[in-house]
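Working notes, structure below.
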Amino acid sequence: MAVSQAQALLPGLRVEEAEPAADAAALRRLAGWCLRFSPLAAPCPADGVWIDITGCAHLHGGETELLRAIVDTLAVAGISARAALADTPGCAHAVARYGAAPLNVVPEGATAAWLEQLPVAALRLAHEATDALRRLGFERIGQLMAAPRAPLTRRFGATALRRLDQALGRAPEPLEPVLPPDLCRVRQGFPEPIATPEDLARVTAMLAEALCEKLLHRDRGAMRLDLVFQRVDGVPQCVRVGTAAPSRDAAHLTRLLTAQIETVDPGFGIESVMLAAPLTARLGARQTISDLAADATGPDLAALVDTLSNRLGPDRVFRVAPVESDIPERSLRRAPALGDLAASLAWGAWPNSLPRPPRLLVPPRQVEVVALLPDHPPVQFTWRRKPHRVRRADGPERIFGEWWRSEAEVFAVRDYFQLEDEAGQRFWLFRNGDGEHRATGDLRWFLHGVFG
Amino acid sequence: MRLRRLAKVFASFFKKKRLLPCCLDASRSREQNTNMSQSAALAALRGRIRLLERPVARPGGVLPFGVSALDAHLPEAGLARGALHEVAGGGADEATAASATLFTAGILARLERPVLWCSALGDLFAPGLACAGLEPERVLHVAAGHERDVLPVMEEALRHAGLAAVVGEMARLPMVASRRLVLAAEKSGVMALVLRRRREGAAAEGGLSAAATRWSVTPLPSAPLASPGIGRARWQVALQRCRGGEAGNWILEACDAQGCLAIPAELASREVASGAQRRAISA
C-alpha cells in the first residue's frame, strides 16, 4: 500500500521513516534489559527477544508468573507484548506469534502437539517458501511433519526442514546472548575442548583471579557471578552463585563456583568459558591485617553464609527478627543472615517477662483437657493418648486477635497457660475463647509449645 | 636439637621433683597449708601429664558453667571450646528434648560471638531461646532440608573461627562423623554441640562418639511456691561420658535469663549443713 493511499483512507495518519538499524539497536537494548530475568537473553530480529530461563523460573515464583511479570513490566514501559514459554526457541517463537492467548506456557514434552495446530507461517521461513507451501496445500505444521522429508528437501532446500527440526528440538539452535556494555567479565577459549572436572576447576580459579583483578580496578565487589561453559555443540552450561556481601576474594569466589561444577554436563567437551559479574556493588579498599579493625566490626561471616546458602538454597541461612505482634507464630520473621537487625530491633525484642517455649508446635495440636471454666488452668490433659496430671500452672496470658487482619479475628481470644505435670515436664497450652462469650472462640484446647 | 629439648624437659621435671618434698617439709607444721600446696602441686603435675598426652593445646580455652559443683568435677573446669559436646534429652518425648534445647541455648548465651544453629526440623522458636539469654541477632539459623545435610553444614561452619559455637540437631552421630567434627573444632577453637533428637518411638542410640562430654537433661518437678504459680524449672543434668574425667549427676535449677544454671537453694544449704556436721564429729 502506498503512503498516499493510506493517508487517503485515514486522515491525520502519522508517517515515520523506517529505521531498521535503529530498530535493531533498540531490540538489543531491550534484550539487555531482559537480562534481569535470566543471564541469557538474545534479540530475535525483527520484533522479538529470546530469553533462556533454564533454572531461573523459581526466582520469579514459577513459569507462568515469570511470563506475566515480563509482559506486565513491558506494558508499564509502553510496549505491548505477547509471550510464550516452550522447550525450544523455535517453538516459543511460533507460539508467541501465532498462539491463541497472549500468554502461553507449552508444557514440557508437548512441543509437537502444540506446533501441529499452528500455520506454516510460524516456522520462520522466507515469504516465497511459505507461499509455495500454501499453494501445495500445506496449511498447518502438522501436515508438514507428516509429509515425507526427501521430496520437501528437494523442493524447498534444507532450510524449511531445519526450521521444523529446530522447533521440535531435533536440531540445536544456539542463541547469541547479549551482554550489557559495562559487564565485568573474563573469557577463556581453548584450542582443544576440555571435559574433566579438574580442568574445569582449574580454569574457574584462573578466571576468578582475572575477574577479581578487574573488579579491583573498578572498586567493586561481585554480588552475583555467572560462569558459562560453552559446549562444542553450542549448548551453554550455566552456573550461577550469589554472595551475601560484595566480594572480590578470588579464593572465596572460586570455592563457591567449584562447589557447583558437578552440575555441569560437559558433553563432548567445552571450548570456551566465560565468567561474568552481572551484579556488583561498591567495595572500597579495606584494611585486613589489624586487630583493632577486627574488634570494631566483629567477625566477618560473609564467606560462611555464601558457602552455605549456595549449597543449600538462598533462603536456608537466615536470622530471626522480632515482629510487633502478640500472636506467637506471627511474632517473628526471617531476616537476612548478614547486616544490621537494628531496624527491626528498634521496636524491642520479645517481652522477656513472658514465658515462651524453645520449641513451638506448628500447627498447634488439639488436646483433650479437664478444666474449670472460665479462668482456671487445666487439671489434666491428654496428648498422644498419654494423660498428664497438672501439678503446677501459671496463667492465663490473654492474647487478642488482630482485628485489622480479618473479620474472624475481631473477637478472637486465646488464653495461654504454662503447665507442669507430675514428671516436671512443662507445656504451653491455650484455649480458644475467653470461657464466657461464645463469640471469642469455640473453647477447644491446643498444645502450642514445649518448655522441657 | 631434639636432644637439647629432651634434656630441658628432664631438667624441669627434676626441678619439680625436688620442689615437691621441700613444700612438704616447709608446711609440715601447718596442716591446712600442706593440703593446699599439695593440691596445687598435684594440679600442676596433672596439667603437665595432660600436656604430654595431648601435645596440641586447645585453642580458645574453656567455658565454665559458673556452678562450682559442675566446674570442680570437669577435668578442665568447664566446657572446652575447641571440642565436641553432645547434649541429649533424658527421655524420648518432646519435653525432654526441649529441656536439652534450653540447656544448649544456655551454654550459647554465655558465649560472646555469633553462633550457628543447624536444624532439619524447623520447630525452633527464637523467642524461647531469647528467654534463655540467647539474643536473636547473634544466632545464624540454617534450615537443612534433610538430616544428612546437618553434618556437612556443621563441619563447614566449624572451620570458621569467627563463630563462637556451632549447634547441629541430629538423631544419629556415627563415630567417623564425630571424629571429623572434633578435628574441625580443634583446629578453629569453635565449640561444637550436637543436640541428639530422637525420632518418635525410636530407641535411644547410645553409640560411641569422639565427643569430649555427653550430657543428658531430664526435667524434674520444681520446688513448690508459697503462692499458686510456677517457679524456676528444675533439671536432672547427667554427665554420661567425659573424656579424662568421671561421669556425674546433678540436680540443678534451669537456665535463667542469662543462661546460667544454679544449685537449688535447699540442696546447697543441705550440703553446707552436712559439711558442718562432719567437721563437728571429727573434732
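Proteins get letters first, then strands, A, B, ... in listed order; numbering begins at 1 in each.
With values rounded to the nearest 0.5 angstrom, B/Leu261 atom CG is found 8.0 Å from B/Asp256 atom CG. How far CG of A/Leu225 is from OG1 of A/Thr254: 9.5 Å, rounded to the nearest 0.5 Å. Separating the OG atom in B/Ser119 from the CG atom in B/Asp149 is a distance of 12.0 Å, to the nearest 0.5 Å.
Only the backbone of B/Leu220 comes within less than 4.5 Å of a heavy atom of chain A; no side-chain atom from C-beta onward does. Heavy-atom distances place both the backbone and the side chain of B/Asp123 under 4.5 Å from chain A. Proximity to chain B (any heavy atom under 4.5 Å) is restricted, for A/Phe451, to the backbone atoms N, CA, C and O. With a 4.5 angstrom heavy-atom cutoff, A/Leu354 touches chain B only via backbone atoms. Neither the backbone nor the side chain of A/Pro377 comes within contact range of chain B; no heavy atom of the residue lies under 4.5 Å from a heavy atom of that chain. At a 4.5 Å heavy-atom cutoff, the contact between A/Arg391 and chain B is made by side-chain atoms alone. Within the 4.5 angstrom heavy-atom criterion, only side-chain atoms of A/Leu312, from C-beta onward, approach chain B. Of the two parts of A/Leu419, only the backbone, made up of N, CA, C and O, holds a non-hydrogen atom closer than 4.5 Å to a non-hydrogen atom of chain B. In this structure, the portions of A/Val317 lying under 4.5 Å from any heavy atom of chain B include both its backbone and its side chain. Residue contact with chain A, scored on non-hydrogen atoms closer than 4.5 Å, involves the side chain of B/Leu116 exclusively. Of the atoms belonging to B/Val139, it is backbone heavy atoms, and not side-chain ones, that fall under 4.5 Å from chain A. Of the atoms belonging to B/Ala257, not a single heavy atom falls under 4.5 Å from chain A. At a 4.5 Å heavy-atom cutoff, B/Ala132 makes no contact with chain A through either its backbone or its side chain. Within the 4.5 angstrom heavy-atom criterion, atoms from both the backbone and the side chain of A/Ala337 approach chain B.
Ranking A/Leu361, A/Asp394, A/Asp315 against chain B, the residue ahead of the rest is A/Asp394, based on heavy-atom pairs under 4.5 Å. Counting heavy-atom pairs closer than 4.5 Å to chain A, the top-ranked of the candidates B/Thr96, B/Leu225, B/Val153, B/Leu129 is B/Val153. The candidate with the highest count of non-hydrogen atom pairs below 4.5 Å against chain B, out of A/Arg359, A/Lys386, A/Arg392, A/Arg316, is A/Arg359. Contact tally against chain A (heavy-atom pairs below 4.5 Å) for B/Ser222, B/Gly231, B/Ala233: the top residue is B/Ser222. Ranked by non-hydrogen atom pairs under 4.5 Å with chain B, the options A/Leu360, A/Val450, A/Val362 are led by A/Leu360. Contact count versus chain A (heavy atoms, under 4.5 Å) is highest, among B/Ala157, B/Pro224, B/Pro152, for B/Pro224. Annotation: maximal heavy-atom pairing with chain A below 4.5 Å, among B/Ala143, B/Pro127, B/Gly229, occurs at B/Pro127. In terms of heavy-atom pairs under 4.5 angstrom with chain B, the leader among A/Glu422, A/Arg426, A/Gln425, A/Arg356 is A/Arg426. Between chain A and the residues B/Glu135, B/Arg138, B/Arg159, B/His141, the largest count of heavy-atom pairs under 4.5 Å involves B/His141.
Between the side chains of A/Thr382 and A/Glu368, not a single donor N or O lies within less than 3.5 Å of an accepting N or O.
A donor-acceptor pair is defined here as one N or O able to donate and one able to accept, closer than 3.5 Å; no such pair exists between the side chain of A/Arg255 and the backbone of A/Ala303. Of the possible donor and acceptor atoms, none in the side chain of A/Trp383 sits under 3.5 Å from a partner among the backbone N and O of A/Leu447. Here the side chain of A/Arg365 pairs no donor or acceptor atom with the backbone of A/Arg384 at under 3.5 angstrom. Remark: the backbone N or O of A/Ala244 is paired with a side-chain donor or acceptor of A/Asp306 at under 3.5 angstrom. Between the A/Glu409 side chain and the A/Glu402 main chain, a donor and an acceptor come within less than 3.5 Å of each other.
Remark: B/Arg180 CZ is loosely packed, at most 12 non-hydrogen atoms of other residues, nucleotides or ligands lying under 6.0 Å away.
Not less than 6.0 angstrom separates the ring centroid of A/Phe381 from the ring centroid of A/Trp445.
Between A/Phe430 and A/Tyr416, the ring planes lie tilted relative to each other; the angle falls in the 30° to 60° range.
Taking all atoms of both residues into account, the shortest heavy-atom contact from B/Gly106 to B/Cys255 is CA-SG, 3.7 Å. The shortest heavy-atom contact between A/Gly242 and A/Leu256 is O-CD1, 4.3 Å.
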